[in-house]
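Letters A, B, ... are given to chains in the order of the sequence lines, protein chains preceding strands, and every chain is numbered from 1.
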Amino acid sequence: MREEAMTQKLEAKSAEERLERLRHSAAHIMAEAVLEMFPEAKIGIGPPIDTGFYYDFSLPRALTPEDLPVIEEKMRQSVKSDVPFAHEEISKDAARKLFAEQPYKLELIDDIENEAVSLYKHGGFVDLCQGPHVERTGQVQAFKLMNIAGAYWRGNERNPMLQRIYGALYETEEELQSHLEQIEEAFRRDHRRLGRELDLFSFHEEYGPGLVYWHPKGGRVRTIIEDFWREEHYKHGYELVYSPHIGRSSLWETSGHLDFYKESMYSPMDVDGQDYYIKPMNCPFHIQIYNSGLRSYRELPIRLAELGTVYRYERSGVLHGLMRVRGFTQDDAHIFCRPDQVKEEIERCVDFMQLFFRAFGFEQFHVFLSTRSPEGNYAGSVEDWEMATSVLREAIQDRGLPHDVDEGGAVFYGPKIDAKLLDNLGREWQCTTIQFDFNLPQRFDISYIGEDGREHRPYMVHRALLGSMERFFGVLIEQYGGAFPLWLAPVQAVVIPIADRHIEYANTVADALRQAGLRVEVDIRAERMQAKIRDAQLQKVPYMLVVGDREAEAGAAAVRLRSGDDLGAMKLPELIARMQAEVEERG
RNA sequence: GCCGAAGUGGCGCAAUGGUAGCGCAAGCGAUUUGUAAUCGCUAGGUUGGGGGUUCGAUUCCCUCCUUCGGCUCCA
């Protein structure tokens with residue numbers, strides 16, 4: 001059994017590796033094709049990625065979508081010629097001569113530490129490349145060029161921008177097709193589309209891009225999420241607070257935001273000749289609440305939580321539906337605690353995060369531990385950082401959460417754990433963040449009186465678990481494809497009277513359900529039952545309750561589920577009990 | 001912010017220099033129906049904003065705004 005699992009693992013690994021080779025090889029074949037079209041092209045890099053490959057080029061003109069089929073056709077010819085990939089090692093000097101016309105390659109050569117550099121050659125194309133590749137171009141079969149995009153050389157915005165061509169590649173044509181279908185499906189499940197179709201939210205770009213308008217149905221879902229959130233926070237020892245939306249410039253000077261965060265803050269407004277700023281973060285306010293009285297070590301930990309709405313300037317090109325907006329509500333909290341409490345507090349945060357993810361049906365999330373880099377300017381002592389980093393690491397390791405370490409990814413004021421959720425195109429969106437703050441306690445000089453009667457500096461942990469209501473809702477919509485589970489569904493049931501004479505009974509059914517705390521609508525339009533069912537299906541309403549003569553007679557409703565299942569006629573008490581149980585278990 | 005593409009009734013689309021159309025949705029009327037679209041009629045657009053070329057611009061040019069796909073940056 002063990003051995004079998006082992007073999008399977010090895011096979012899986014080698015399949016993955018083979019796919020990587022194929023993708024990487026396709027990138028070379030694409031570069032060959034592009035060079036054929038533009039002999040003067042300067043080539044960047046072309047790695048495999050998790051759905052295919054890309055290659056970056058500097059070209060004499062902008063590519064258009066019409067170029068892609070042409071390039072793809074040239075690639076197919078190269079595939080057809082089925083030439084071998086040959087590996088070679090040459091000296092750096094020889095490589096510099098070989099790539100004399102390729103400035104980006106020269107730059108890469110300069111960064112290689114070895115004396116010898118590795119080349120891969122196929123047909124007339126040679127690339128500076130570690131490999132590995134497949135044996136022959138003919139092995140590259142199931143691919144498709146997808147889109148053109150701009151990308152800075154080496155990902156640095158001070159560098160020139162190159163043109164990137166993305167391609168999809170899979171082992172087989174079937175897998176490629178299923179990937180393409182998946183993209184289609186993702187389009188159907190896009191939260192921006194569903195937001196409109198299900199009447200959840202809107203944007204009004206002419207009155208401000210990146211600003212969300214929550215409609216009644218989106219508002220319903222948000223309220224349910226928030227109510228659950230508040231209830232759980234009280235259960236978990238948090239106190240809920242409310243803080244102002246604006247604060248005088250002196251606050252942001254003390255906090256350091258005007259030094260370090262100004263480019264994300266909106267211009268100040270004048271209030272009685274003083275500059276006030278709209279808040280990009282809640283922390284300085286929570287610190288004031290902490291600081292409003294003398295704190296004893298006995299009071300700690302103090303956990304202040306707030307659904308705090310913040311506004312941040314985001315560069316115009318980065319806005320994206322609900323996922324990236326300019327005004328959003330964080331499920332923020334700041335924990336002030338003693339050194340001996342730090343470990344437990346962090347563990348509680350990680351557990352709490354998992355409680356929420358489970359409640360909302362997220363199985364998949366990607367955890368990162370962000371640490372300091374050896375050099376760089378950081379607030380707090382090295383000892384504090386070491387302690388904090390190991391506490392964070394242990395908390396996720398103890399819970400068996402696989403994670404990646406982002407070395408140097410920490411903000412200047414402390415190390416952190418982040419968790420990202422995936423949208424349905426596999427793009428990751430950071431939601432949870434649990435971070436130490438060694439900066440603000442010092443800047444605001446906060447303290448508590450210890451057992452020894454002296455002042456001590458508390459540790460401060462900043463955390464948002466869902467991240468922001470907007471982003472979390474966006475991911476949630478995609479996660480469920482708009483078909484929210486019963487406890488979250490804005491409309492849980494639609495009562496469908498078959499003919500007008502059934503409207504009265506339909507209303508009594510709806511009232512009975514409403515009395516039981518369920519969210520119900522009655523479809524009284526002069527439409528046929530079939531049309532009403534169809535519309536309820538499209539609105540992804542979990543329960544459709546058809547009522548006609550038979551049901552009115554029996555005090556029942558014919559229950560159809562969103563899945564298409566027909567449960568037949570159910571007596572109202574039975575139906576209500578069923579639905580309540582489903583809500584209760586958050587199904 | 002950068003590279004590229006796009007913007008036409010609420011939504012999805014058509015029209016290539018010569019009178020802006022279609023489907024869905026909406027409103028009205030008829031129909032009263034048993035598990036995914038009943039029929040008919042009506043209304044709705046200074047074609048994202050501004051400027052230019054032209055006798056004439058949805059169409060060509062410039063500019064700004066916004067969106068989309070990336071890059072960079074972030075909850």
A/E553, CD atom: more than 12 neighbouring heavy atoms under 6.0 Å: no
Can a side chain N or O of [X] be found less than 4.0 Å away from OP1 or OP2 on [N]?
X	N	value
A/R528	B/U35	no
A/H320	B/G69	yes
A/R158	B/C2	no

Along RNA chain B (nearest heavy atom to each residue), the more 5'-positioned of A/G467 and A/P65: A/P65
Aro-ring/base stack A/Y166-B/G70, d under 5.5 Å, angle under 30°: no
Parallel, tilted or perpendicular, as decided by the 30° and 60° cut-offs, for the rings of A/F473 and A/F484: parallel
Ring geometry between A/F362 and A/F357 (parallel below 30°, tilted from 30 to 60°, perpendicular above 60°): perpendicular
Checking base pairs now: Watson-Crick or wobble, both atom distances under 3.5 Å. What partners [N]?
N	value
B/G45	none
B/A14	none
B/G40	B/C28

Within the 4.0 Å heavy-atom criterion, would you say [X] contacts the bases, only the backbone, or no part of the nucleic acid?
X	value
A/A558	base
A/Q163	nothing
A/N147	sugar-phosphate
A/R315	base
A/G155	sugar-phosphate
A/A464	nothing
A/E551	base
A/I496	nothing
A/Y313	sugar-phosphate
A/V325	base
A/D418	nothing
A/R324	base
A/R501	sugar-phosphate
A/R463	nothing

Salt bridge flag under 4.0 Å for residues A/E226 and A/R230: yes
A/R315 vs A/E157, salt bridge (Lys or Arg N to Asp or Glu O under 4.0 Å): CA-CA, chis, key distance, verdict: CA-CA 13 Å; A/R315 304 210 281 181; A/E157 65 179 320; 3.0 Å; yes
A/R312 NZ/CZ over A/Y266 ring centroid, <6.0 Å and within 45° of normal: no
Any donor-acceptor N/O pair under 3.5 Å between B/A36 base and A/R560 side chain: yes
